[in-house]
Asks: 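Take a look at the following structure, please.
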Amino acid sequence: MAKQAKATKSSGGDKFTRWLVIGMVTLVVASGAIFSVVGEKSKANESFAILSDFKPGPTVVSTVDEANGAGITFNNGAAKTIDIWEDPQCPVCSSFEQANGEFIDELVRTKRANVVYHVVSFLGNESVAAANAAYCAADEGRYLDFHKAMYLVQPALENSGFYSTENLIKIGSYAGLTTQSFSDCVTKGSKLDKVKAAYESMAKYNVQGTPTVFFNGKKWERQNNAFLPSEFAAAFEAN
């Protein structure tokens, strides 16, 4: 009987220890989740700090060329055409933008070139959401500014949760997009048909990755590993 009582007491102690361990593990996991959320918000705040001095330029009207992969098109009919294929989450696209974005922006605003942005989305759901927001921005003449702001705050990791509806609308606010129509467009995914068309057109133009650039229909093959503004400008002038 004594041995049985001892065993029963031991069994109860084991159960208590087990539940204590489970409780501690649960607390650690929950705490980790809380710190993860706080950490992500902190990173987001740091990212948006980059946009504190962002100054959007004048609006620029664009059209969507359905026959050309739903490309966001500026200055249709200009003597020279540049087709630029990008995924909003592509880190190399961000590098391309940092190197050549100012030059391309000038080409658009001075109407020196017909520039077509193909916003594709093969890197995941956040690419789809960001591409939809880009088309929404284009509707209001703010694609250039939204595009630039989006790359300035591009997260280091793909599909990290940063390109959420809330954050895409916030990016838009820095780019001069404060209308209800823009917010609704982002929230409702109003341009997903354009996003789908752009993605599906990659096969038609044999685009294997991003960034991919065509000058007057000829694919640009850069000569350096890094993006050199001088090389890009020379390629534009030569084609």
Asks: For residues Ile171 and Tyr163, determine if any side-chain heavy atom of one lies less than 4.5 Å from a side-chain heavy atom of the other.
Replies: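 Counting from C-beta outward, Ile171 and Tyr163 do come under 4.5 Å.
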
Asks: Same cluster for Leu152 and Leu177 if Ile/Leu/Val/Met/Phe/Trp/Tyr side chains link at under 4.5 Å?
Replies: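 Yes, same cluster.
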
Asks: Within the distance-only criterion (no hydrogens, no angle test), does the side chain of Asn114 pair as donor or acceptor with the backbone N or O of Lys80 below 3.5 angstrom?
Replies: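 Absent.
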
Asks: Is the CD atom of Glu102 crowded by more than 12 outside heavy atoms at less than 6.0 Å?
Replies: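 No - once you tally the heavy atoms of other residues, nucleotides and ligands closer than 6.0 Å, there are 12 at most.
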
Asks: Are Tyr174 and Phe182 connected, step by step, through hydrophobic side chains (Ile, Leu, Val, Met, Phe, Trp, Tyr) whose heavy atoms are closer than 4.5 Å?
Replies: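 Linked, Tyr174 and Phe182 end up in one cluster.
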
Asks: Which ILVMFWY residues can you reach from Tyr151 by hopping between side chains whose heavy atoms are under 4.5 Å apart?
Replies: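 Its cluster partners, ordered by chain and number, are none at all.
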
Asks: Can you tell me how the ring of Phe74 sits relative to the ring of Tyr143, calling it parallel under 30°, perpendicular over 60° and tilted otherwise?
Replies: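 Phe74 vs Tyr143 ring planes: tilted.
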
Asks: Side chain of Asp145, backbone of Gly57: donor and acceptor closer than 3.5 Å?
Replies: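 Flag set: sc Asp145 to bb Gly57 pair under 3.5 Å.
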
Asks: Please round to the nearest 0.5 Å and tell me the distance separating atom CG of Asp139 and atom OG of Ser62.
Replies: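 Going from the CG atom of Asp139 to the OG atom of Ser62 covers 7.5 Å.
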
Asks: Rounded to the nearest 0.5 Å, what separates atom OG1 in Thr178 from atom CZ in Arg142?
Replies: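 The CZ atom of Arg142 is 9.0 Å from OG1 of Thr178, to the nearest 0.5 Å.
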
Asks: I need the Leu144 CG to Arg109 CZ distance, nearest 0.5 Å.
Replies: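 Rounded to the nearest 0.5 Å, the CG-CZ separation comes to 5.0 Å.
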
Asks: Once side chain to side chain donor-acceptor pair (under 3.5 Å) is applied, what residue pairs with a partner in residues 50-61 remain, sequence neighbours excluded?
Replies: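 Of all non-adjacent pairs touching residues 50-61, none passes side chain to side chain donor-acceptor pair (under 3.5 Å).
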
Asks: Using the side chain to side chain contact (heavy atoms under 4.5 Å, CB included) rule, take Asn68 and Asp83 through it: C-alpha gap first, then chi angles, then the decisive distance, then the call.
Replies: CA-CA 10 Å; Asn68 188 16; Asp83 284 274; 3.2 Å; yes

Asks: Would Val108 and Val64 show up in the same hydrophobic cluster when neighbours are defined by side-chain heavy atoms closer than 4.5 Å?
Replies: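 Yes, it is one cluster - the side chains of Val108 and Val64 are joined through contacts under 4.5 Å.
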
Asks: Are more than 12 heavy atoms, taken from residues, nucleotides or ligands other than Asn125, located less than 6.0 Å from that residue's CG atom?
Replies: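 No, not enclosed.
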
Asks: Are more than 12 heavy atoms, taken from residues, nucleotides or ligands other than Lys196, located less than 6.0 Å from that residue's NZ atom?
Replies: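 12 or below, so no.
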
Asks: Specify the closest pair of heavy atoms between Ile169 and Ser183, including all atoms of both residues, with the distance to one decimal.
Replies: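 Scanning both residues, the minimum pair turns out to be CG2-OG, 3.8 Å.
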
Asks: Determine whether the side chains of Ser127 and Asp87 contain a donor N or O and an acceptor N or O closer than 3.5 Å.
Replies: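 Their side chains do contain a donor-acceptor pair, which is all the 3.5 Å distance test asks for.
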
Asks: Tell me if a side-chain donor or acceptor on Thr187 pairs with a main-chain N or O of Asp184 at a distance below 3.5 Å.
Replies: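 No, Thr187 side chain to Asp184 backbone: no donor-acceptor pair under 3.5 Å.
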
Asks: Give a yes or no answer on whether the side chain of Ser201 reaches the backbone of Lys204 with a donor-acceptor pair at less than 3.5 Å.
Replies: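 No.
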
Asks: Kindly indicate, with the supporting measurements, whether the criterion side chain to side chain contact (heavy atoms under 4.5 Å, CB included) is fulfilled by Glu97 and Gln154.
Replies: CA-CA 11 Å; Glu97 166 64 20; Gln154 184 193 71; over 6 Å; no

Asks: Can you tell me how far CD1 of Ile104 sits from CD1 of Ile84, rounded to the nearest 0.5 angstrom?
Replies: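 Between atom CD1 of Ile84 and atom CD1 of Ile104 there are 3.5 Å.
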
Asks: Does the side chain of Pro56 reach to within under 4.5 Å of the side chain of Lys148, using non-hydrogen atoms?
Replies: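 Heavy-atom side-chain distance check fails, nothing below 4.5 Å.
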
Asks: What is the minimum heavy-atom distance between Gly71 and His118, and which atoms define it?
Replies: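 In this case the closest contact between Gly71 and His118 is CA-ND1, 4.1 Å.
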
Asks: Where the side chain of Asn132 meets the backbone of Lys191, is there a donor-acceptor pair that is under 3.5 Å apart?
Replies: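 Checking the backbone N and O of Lys191 against the side chain of Asn132, a donor-acceptor pair under 3.5 Å is found.
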
Asks: Once rounded to the nearest 0.5 Å, what's the spacing between atom CD of Glu126 and atom OG1 of Thr165?
Replies: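 Answer for the CD-OG1 pair, Glu126 versus Thr165, is 10.0 Å.
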
Asks: Sequence neighbours left out, what pairs pass disulfide (SG to SG under 2.5 Å) with at least one residue falling in residues 199-239?
Replies: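 Sorted pair list comes back empty.
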
Asks: Testing the basics here: between Ala134 and Ile72, what is the closest heavy-atom pair and its distance to 0.1 Å?
Replies: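 Scanning both residues completely, I find the closest heavy atoms to be O-CD1, 4.3 Å.
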
Asks: Shortest non-hydrogen contact from Val92 to Pro211?
Replies: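 Here Val92 and Pro211 meet closest at CG1-CD, 3.7 Å.
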
Asks: List, by chain and number, the other hydrophobic cluster members for Leu123, where Ile, Leu, Val, Met, Phe, Trp and Tyr join if side-chain heavy atoms come within less than 4.5 Å, directly or indirectly.
Replies: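 Joined to Leu123, directly or through intermediates: Trp85, Val120, Phe122, Tyr199, Met202, Tyr205, Val207, Phe214.
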
Asks: Test of understanding: with side chain to side chain donor-acceptor pair (under 3.5 Å), list the residues that count as partners of Asn239, not counting sequence neighbours.
Replies: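 Per chain and number, Asn239 pairs via side chain to side chain donor-acceptor pair (under 3.5 Å) with no residue.
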
Asks: To the nearest 0.5 Å, how far apart are CD in Gln89 and OG in Ser94?
Replies: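 Going from CD on Gln89 over to OG on Ser94, the span is 12.0 Å.
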
Asks: Same cluster or not: are Val128 and Val119 linked, directly or through other Ile, Leu, Val, Met, Phe, Trp or Tyr residues, by side-chain heavy atoms under 4.5 angstrom apart?
Replies: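 Same cluster: Val128 reaches Val119 through Ile, Leu, Val, Met, Phe, Trp or Tyr contacts under 4.5 Å.
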
Asks: Work out which heavy atom in Phe146 is nearest to a heavy atom in Ala130; give both atom names and the distance.
Replies: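 Scanning both residues completely, I find the closest heavy atoms to be CE2-O, 4.2 Å.
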
Asks: Please list every donor-acceptor pair under 3.5 Å in which a side-chain atom of residues 228-237 meets a protein atom from a residue at least two apart or in another chain.
Replies:
| unit_1 | atom_1 | unit_2 | atom_2 | d |
| --- | --- | --- | --- | --- |
| Glu231 | OE1 | Asn224 | ND2 | 2.8 |
| Glu231 | OE2 | Gln223 | N | 2.5 |
| Glu237 | OE2 | Arg112 | NH2 | 2.9 |

Asks: With side chain to side chain contact (heavy atoms under 4.5 Å, CB included) as the test, would you mind laying out the steps for Val115 and Asn75 before giving the verdict?
Replies: CA-CA 7 Å; Val115 178; Asn75 309 324; 5.7 Å; no

Asks: Does the separation of the ring centres of Phe48 and Phe54 fall below 6.0 angstrom?
Replies: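 No - the distance between ring centres of Phe48 and Phe54 does not fall below the 6.0 Å cut-off.
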
Asks: Test Val116 against Asp65 for side chain to side chain contact (heavy atoms under 4.5 Å, CB included), laying out the working first.
Replies: CA-CA 9 Å; Val116 184; Asp65 189 346; 5.6 Å; no

Asks: Classify the ring geometry between Phe227 and Phe96 as parallel (under 30°), tilted (30 to 60°) or perpendicular (over 60°).
Replies: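 If you compare the ring of Phe227 with that of Phe96, the planes turn out perpendicular.
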
Asks: Looking at Ala70 and Lys194, what are the two nearest heavy atoms and their distance?
Replies: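 Taking Ala70 first and Lys194 second, the nearest heavy atoms are CB-O, 3.8 Å.
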
